[in-house]
Protein chains: 2
Amino acid sequence: MQVSLPALKAFESAARLGSFKAAAAELSISPTAVSHHITNLEQRLNVSLFRRETRKVILTAPGRELAVATSQGFQTINTALEDISRNDKQIKVATTSSFAALALLPALQRYYEQYPHSKVNITSGEEINTDHFSLSVRLGALAEQADGDVLIRERFNLYGNARLTTQLDQTSPITIYTTRWKNSALPEVPLQAWLNHNDLSYRQFEVRYFDQELFGIQQALLENACVFCSTTLTRDYVKAGLLTESGYPPIDSALCYYIENKDSLITRHNVMFIEWLGELLKQH
Amino acid sequence: MQVSLPALKAFESAARLGSFKAAAAELSISPTAVSHHITNLEQRLNVSLFRRETRKVILTAPGRELAVATSQGFQTINTALEDISRNDKQIKVATTSSFAALALLPALQRYYEQYPHSKVNITSGEEINTDHFSLSVRLGALAEQADGDVLIRERFNLYGNARLTTQLDQTSPITIYTTRWKNSALPEVPLQAWLNHNDLSYRQFEVRYFDQELFGIQQALLENACVFCSTTLTRDYVKAGLLTESGYPPIDSALCYYIENKDSLITRHNVMFIEWLGELLKQH
DNA sequence: TTTACAGATGAGTAAAACTCATCTATTTTG
DNA sequence: CAAAATAGATGAGTTTTACTCATCTGTAAA
């Protein structure tokens, strides 16, 4: 069926509006072009699609049939195009509560300063994202991720307020908050390794667990207690003087933040955002 | 959303076939053209639609979304185009049993001689036709039809075999078959007027009724009786010597054959057929 | 290693889509 | 009732788009 699609579009518009002139206006072309298109269609299909009356055109029976189909067909396509376009205009990020609250949201102000016309929509929560257009920033096993997807390898250290962290060698037990993931497939927080590395012992501490890093960090702030957690998440608090990093060096973990579905989402805005995020996390 | 429709078509094909090369073959264009189209689409939409891997392309998430929509949309349009095309290739005529059996079907052989590549499909019956593409040849009130739709005004006369029609003035009653329409809105067969006009009286005849002219004509043939009916329907039988027209002149009726939905069905084949039908019926 | 293959890229060409000027047949208006 | 206005048709000429060809790249199979 060799009919030209622009001709079908012209027909669809003319059929819907009941006028070649109106269709021409809608399509930003001349009424002559519409007339040519429809004549062309009629010749190729070998049917008259409109009955011409003075100052108006009326669909014939085959015309009506085709009008219904083109109208529906182009509508379907157009809806998808608009959906893609709409989703492209705003950046959607799905991530964990901890990363959102402690890394992403506090930095977002700077992103808007750099790209004032962007709209970023951040969703946190563990539920798997079904939206085709969301970037998923997730915490996972470093070994399982493709190199290109990894944003940053996670390092851990002990944090507290100034007074507490200088008293680590005290005899009285100190409370340490840390994280035990709900998802057991995830590599553990390297508290044991960190203690071993620094010749420390569990016995000096009372270790308490949350299933999200955010909670431990907040609890430590509230109680002036310690928290063993990611350097990424504490950076802003350390800068603000609310937390102090222990005198011991941080330890590498088997964890990383990565972008789950990177290559399915290459829009210009997403690429920009991913780049910015990479830069943000590298600033150590 | 200013994307080119040929580009969308190329995308649809490539998405469905999973290959630019295959899409190119399907569309009878070069693979280069497909590549250009898709690059163009991706730039305008600002999303990557395919992930390129060696020797194959894989849809991204937005690509999949668009593919579903384009596939469905073009399918809808294409189905309608094919339907129109298919219906255009054959001429469909819906008419009464009488007209089909006595006028149309016997003459069809000559139509095929004139237009050997035509396919004519004739449906008879009283049920109203729902097919958008059928020509309806119907018997109706002359006064109610637009001039352009009328094929022929119906005239009536008495028919029988040679012996019977010469004996009309006999004293013994003669049987006359004629028609009383099921549809009471239709003007009556002008038997009374014909009798009056020729100074004849009902008393000379035994009048019997069928609801279709065809039945009366066939009964007259079988019984060597008379039938008062349309000149259009008897023409072939008269020519063949099976029926003889009475010595009295035919009478005009308020009936006509007309084409019900003429201007909704202007395909080239239909136009040809309508013209031929007009000529056929004019030959008196 | 060579060959083959799918697609990318850029420049030039062929083919549409489109516009303009002109014309027709109404319909509206002064 | 004539003049103007309107929607569309038509044909010639122009612009834009779609397309091809030649060339190139990266990868997989021979």
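A, B, ... follow the sequence lines: proteins, then strands. Residue 1 opens every chain.
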Distance in angstrom units between [X] [atom1] and [N] [atom2], rounded:
{"X": "B:Gln2", "N": "D:dA18", "atom1": "CD", "atom2": "P", "result": "12 Å"}
{"X": "A:Leu5", "N": "C:dA15", "atom1": "CG", "atom2": "P", "result": "19 Å"}
{"X": "B:Leu27", "N": "C:dA16", "atom1": "CG", "atom2": "C1'", "result": "16 Å"}
{"X": "B:Asn40", "N": "D:dT16", "atom1": "CG", "atom2": "P", "result": "16 Å"}
{"X": "A:Glu42", "N": "D:dA9", "atom1": "CD", "atom2": "C1'", "result": "12 Å"}
{"X": "A:Ile29", "N": "D:dT16", "atom1": "CD1", "atom2": "P", "result": "15 Å"}
{"X": "A:Leu41", "N": "C:dC18", "atom1": "CG", "atom2": "P", "result": "12 Å"}
{"X": "A:Gln43", "N": "D:dG11", "atom1": "CD", "atom2": "C1'", "result": "13 Å"}

Touch class at under 4.0 angstrom, heavy-atom based, for B:Val34 against every strand present: nothing
Touch class at under 4.0 angstrom, heavy-atom based, for B:Pro6 against every strand present: sugar-phosphate
Polar side-chain contact B:Arg55-D:dA29 base: donor and acceptor under 3.5 Å: no
No-H, no-angle donor-acceptor pair, A:Arg52 side chain to C:dA25 base, under 3.5 Å: no
Ring geometry between B:Tyr111 and B:Trp276 (parallel below 30°, tilted from 30 to 60°, perpendicular above 60°): perpendicular
Under 4.0 Å: is that the gap between some side-chain N or O of [X] and OP1 or OP2 of [N]?
{"X": "B:Thr54", "N": "D:dT27", "value": "no"}
{"X": "A:Lys56", "N": "D:dA7", "value": "no"}
{"X": "A:Thr32", "N": "D:dT10", "value": "no"}

Side-chain (B:Gln145) to main-chain (B:Val150) donor-acceptor, under 3.5 angstrom: no
Near-strand residues of residues 7-19 of chain B, defined as heavy-atom separation under 4.0 angstrom from DNA chain D: none
Toward the 5' end of DNA chain C, by each residue's nearest nucleotide, A:His37 or B:Ser35: B:Ser35
List the atom pairs, with distances to 0.1 Å, where a side-chain N or O of residues 30-40 of chain A and a protein N or O form a donor-acceptor pair under 3.5 Å, not counting sequence neighbours.
from, atom 1, to, atom 2, distance (Å)
A:Ser30, OG, A:Ala33, N, 3.3
A:Thr39, OG1, A:Ser35, O, 2.7
A:Asn40, OD1, A:Arg44, NE, 3.2

Residue B:His36, side-chain atoms from C-beta onward, closest of C:dA17, C:dA11, C:dG7: C:dA11
Check ion pair [X]-[Y] (N to O, under 4.0 angstrom):
{"X": "A:Glu42", "Y": "A:Arg51", "answer": "no"}
{"X": "A:Arg110", "Y": "A:Glu113", "answer": "no"}
{"X": "A:Arg138", "Y": "A:Glu144", "answer": "no"}

Other residues, nucleotides, ligands: >12 heavy atoms within 6.0 Å of A:Glu26 CD: yes
